Amino acid sequence: MSSLRLDKTYDPKSVEARWYRTWTERGYFHASTSHPGQPYSIVIPPPNVTGSLHVGHALNHSLQDILIRWRRMQGRNTLWLPGTDHAGIATQNVVEKQLLSEGLSRDALGRERFIERVWQWKAASGNTIIEQQKQLGESCDWDRLRFTMDEGLSKAVVEVFVRLFEEGLIYRGERLINWCPRCLTALSDIEVEHEEVKGKLFHIRYPLADDSGLSLVVATTRPETMLGDTAVAVHPDDPRYRHLIGRKVRLPLTRREIPIIGDAVLVDLEFGTGAVKITPAHDFNDYEAGERHQLPRLAIFDHQALLDPASLASARVEDDIIAAIARLPVSKARPKIEQALSDRGMLVKVEDHKMSLGKCYRCKTVVEPYLSPQWFVNIKPLAEPAIRAVEDGSIRIIPEGWINNYLGWMRDIKDWCISRQIWWGHQIPAWYCEQCNERFIHKQTSTDAAGNAILRITLLQGATPVVARAAPAACPQCGGQQWLRDPDVLDTWFSSGLWPFSTLGWPEQTPELKTYYPTSTLVTGLDILFFWVARMIMLGLKFMGDVPFRDVYIHALVRDAEGQKMSKSKGNVIDPLHVMHQFGTDALRFTLSSMASPGRDLKLAEERIEGYRNFANKIWNAARFSLMYLEGPRLSKPFAERPFADRWILSRLNTAIRTVTTELEAYRFDRAANALYHFIWHEYCDWYLELIKPTLQNPAHPDGPATRQTLLDTLETTMRLLHPFMPFITEEIWQTIPHEGDSIVVQRYPMPNDAWDAPDAEQRFLLLEQAVSLVRTGRVLLSYPPGQQIAFALAHDDAEKQRQLQQLQPHLAHLSRGTPEIASQPAWPPAQRLRLVTEGLTIGLVVSGDVDLKKALDRLVKQREDQDKDMARLTGKLDNQDFVAKAPPEVLAEHRMRLRSLEHDQAMLSSSEQQLRAFLKA
RNA sequence: GGGCGGAUAGCUCAGUUGGAAGAGCGCUGCCCUUACAAGGCAGAGGUCACAGGUUCGAUCCCUGUUCCGCCUACCA
């Protein structure tokens, strides 16, 4: 027996796990290609396999589950495909940290044992997030759980790589790339986070080499890179310097002379001194300038961003300088260089300067531009169709505001560096014949601090790879059998870019692919629009010939109550599991959906969740109340013959159904949730249940059977309407009340029923609500004890409404706990000294006993003053000739009506006020 | 530097063809009324950032200003 009949409070813990188990055991979430419905599919943004559920996931997943449950109930063939991402650098970092705490390193372990270790870690902790997703109630098809390094998905990765290579869309080349000196790997442009910092601009004197005594002063934010300068640029039109182009300067601290060149692209006449040092090996702009002018590239840092003595020597840096800075990191070397320059009088000045610093998105280490051979995707040919798909509406981005962001980025896209010098990931399917490439393969052996041998293989620029689906047998050039596989792995986003089709079986032509591709909707946060969404669009169009999804819904980022980004170090993290445990999963889900308004950050405070826990409890008790009275006979009458209150609530329910459906179609989860909240709490509970109490509590009431039926219909329908948002409590209640079917999960979603629209009942209700509220106000003003009946008379200046009030008299009496008398104005009994008025409705309250009428008078005066203001404004408008002449007639009529109504109210108010004053005087 | 978005009640935010300022939470007062005190009822609180413009009329449209976010960028 359900606890619904017993417990006054809803206990989520006793409900959630039980129903989730039932749902999965019965296979409700399993998608079948033979399902007759129109397909509706979503692939989940795969969370990091070793991660755990944070509140951002909770939002993202709740919204997807709402869509999926809603579409499933609509009879669609739904698939929500779950999975996890191997998250290359992030996961490798986690495991490396573990090793460090054991005194080990990845180098000490070696590649194979390290990867094995990561797999172990995945086996141990990879299911954490899956289990947490289940606690959130996610209706994923767990039979189709995928992992980006599954055999099938890995096959897809190789296939895509090989095909792109064969088409010339993937190439290997030595370029200046972003390099993380801590992770020791290349990064793509978007994996670098830019942060504005206060830096310094150093002005350094470079003397001309001809002993003329002249010099050029260059400005730089990174003085240490000057040791790798290979030219100085000035603007070709700069009258200050243009005559110097072609001459040379002596590079301070070195024994080198470097040319002065003219370059209009690099040099901005307005900035700094107008002379720019060029370090092609350590700056992206300088790199390009170096390309333009065939300048040599002198790298002076090694892969850990330490100043490398050998490189410094070959850059002919003075020996004492080398000795001072060898093996130092940039931050330590900079002051030494500054000092050396200053000592030699070469430092002209130093000024403060705002600059942006690139940091690794995984470990926040400052990223260095680094010259190395890497693999790239030639991205322009892929980007063009992806731009068109959004422009022509094949893909809708919601909210639309992000479209320009997407298009802007795509139009300006740079080649994608896809190789990473880490071990955890898809190893690049490229092999090098050791014999043919002998001079390009560098094997370096060294030992780490613990004495472990470390083998570092570098494949220099010029090595010729064989790209293939499997290791080649013999070299086509020399017949050699010795192959060295490229040690690099692919960017983790390369495999997630294939997610919408690799998870459905591609490259095989599976029935799943045929049924569920393109997927219907992608739900994601803005932070991975470029990392992931853009890549999926490009690769989906390329390999499937169709878009990967029709709609992209972009939701906000979750922040804390102060708007701060949640982070462990700040200690402001809201743990969804903790919250679910404390307030219930449904409360958390409802909170997140109700706050998911588009385009804004979402500030989450625990109080909000608590508020929706109360909502769940309210629903629970409404259901308890209903159950108490559902025992008796029920009778389904034609709608027109049902009692007033029943017709009213069904009409309101109809509106709620329409609103929720329309808003979900528009991805306005917030509005849909708010409509549900308002309907359930303020219409169903506050008014409907109160209205029908007299009927239900009187066993002989003639309306009993019909009302019991409506009560059940409304509750049952409301549970279905709410189910996608609050799956657990709705199932528990639905199962307990009379119902047909096995589970609410597979019931039909409510449809509006036009026959239930009852504008007459709605209009009457508004009248009733107005009257009841007015009496209640009077009760408070007159300090009537709650239990005491209050006597009052009421009148409406509209005869029809006056008549309706008479019909509503029993409801009026019950809801106001009073004895109403429908009096025709203006014959008010003398005892009724307090009159309250609103919009033509006047209520005269009988003052009994000794009450303080001062409060009542204050209120009357205040109301009259407010109305005076309104009337003045209205009269002013209506006296305005332009307004009368130019405003639309319906607006004019409305204004005039309002004024008449105000005049009536005003008359009643002032007569009541006079009466009250007279009484108070006496 | 460029782009986008925001500024409405104490807080978080709704408010689309321009025509009487809304919700939730919080706050105040009264109530443990037979579904619910995780509740009910009543109430207080806003020159819709600022300055102009268009209009009979502007929270809404236009221009400018200030402040705050975010994205993006090669001014060393």
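Numbers restart at 1 for each chain; the letters A, B, ... are given by sequence-line order, proteins then strands. No experiment lies behind these values; they were computed from the predicted model shown.
Mapping A:Cys685 and A:Leu201 onto RNA chain B via the closest heavy atom, the residue that lands nearer the 5' end is A:Cys685. Taking for each of A:Leu266 and A:Ser626 the nucleotide of RNA chain B with the nearest heavy atom, the 5'-most of the two is the partner of A:Ser626.
Classified by interplanar angle (parallel below 30°, tilted 30° to 60°, perpendicular above 60°), the ring pair A:Tyr677/A:Phe615 is tilted. Note: A:Tyr370 and A:Trp179 have tilted aromatic rings, judged against thresholds of 30 and 60 degrees for the angle between ring planes.
Shown here, B:G1 forms a base pair with B:U72; the pair counts as Watson-Crick or G-U wobble because both key distances fall under 3.5 Å. Shown here, B:G24 forms a base pair with B:C11; the pair counts as Watson-Crick or G-U wobble because both key distances fall under 3.5 Å. Across all strands shown, B:C41 pairs with B:G29; the Watson-Crick or G-U wobble distances both stay below 3.5 Å. With a 3.5 Å ceiling on both atom-pair distances, the Watson-Crick or G-U wobble partner of B:G52 is B:C62.
Counting only heavy atoms from C-beta on, A:Gln697 has its side chain closest to B:A35 among B:A76, B:A35, B:G19.
Here A:Phe669 and A:His555 keep their ring centres 6.0 angstrom or further from each other.
Judged by atom type and distance alone, A:Lys8 does not reach the base of B:C36 through any side-chain donor-acceptor pair under 3.5 Å. No N or O donor and acceptor, one from the side chain of A:Arg776 and one from the base of B:A42, sit under 3.5 Å apart.
Residues A:Lys349 and A:Glu351 are paired through a salt bridge, judged by an N-O separation under 4.0 Å between the basic side chain and the carboxylate.
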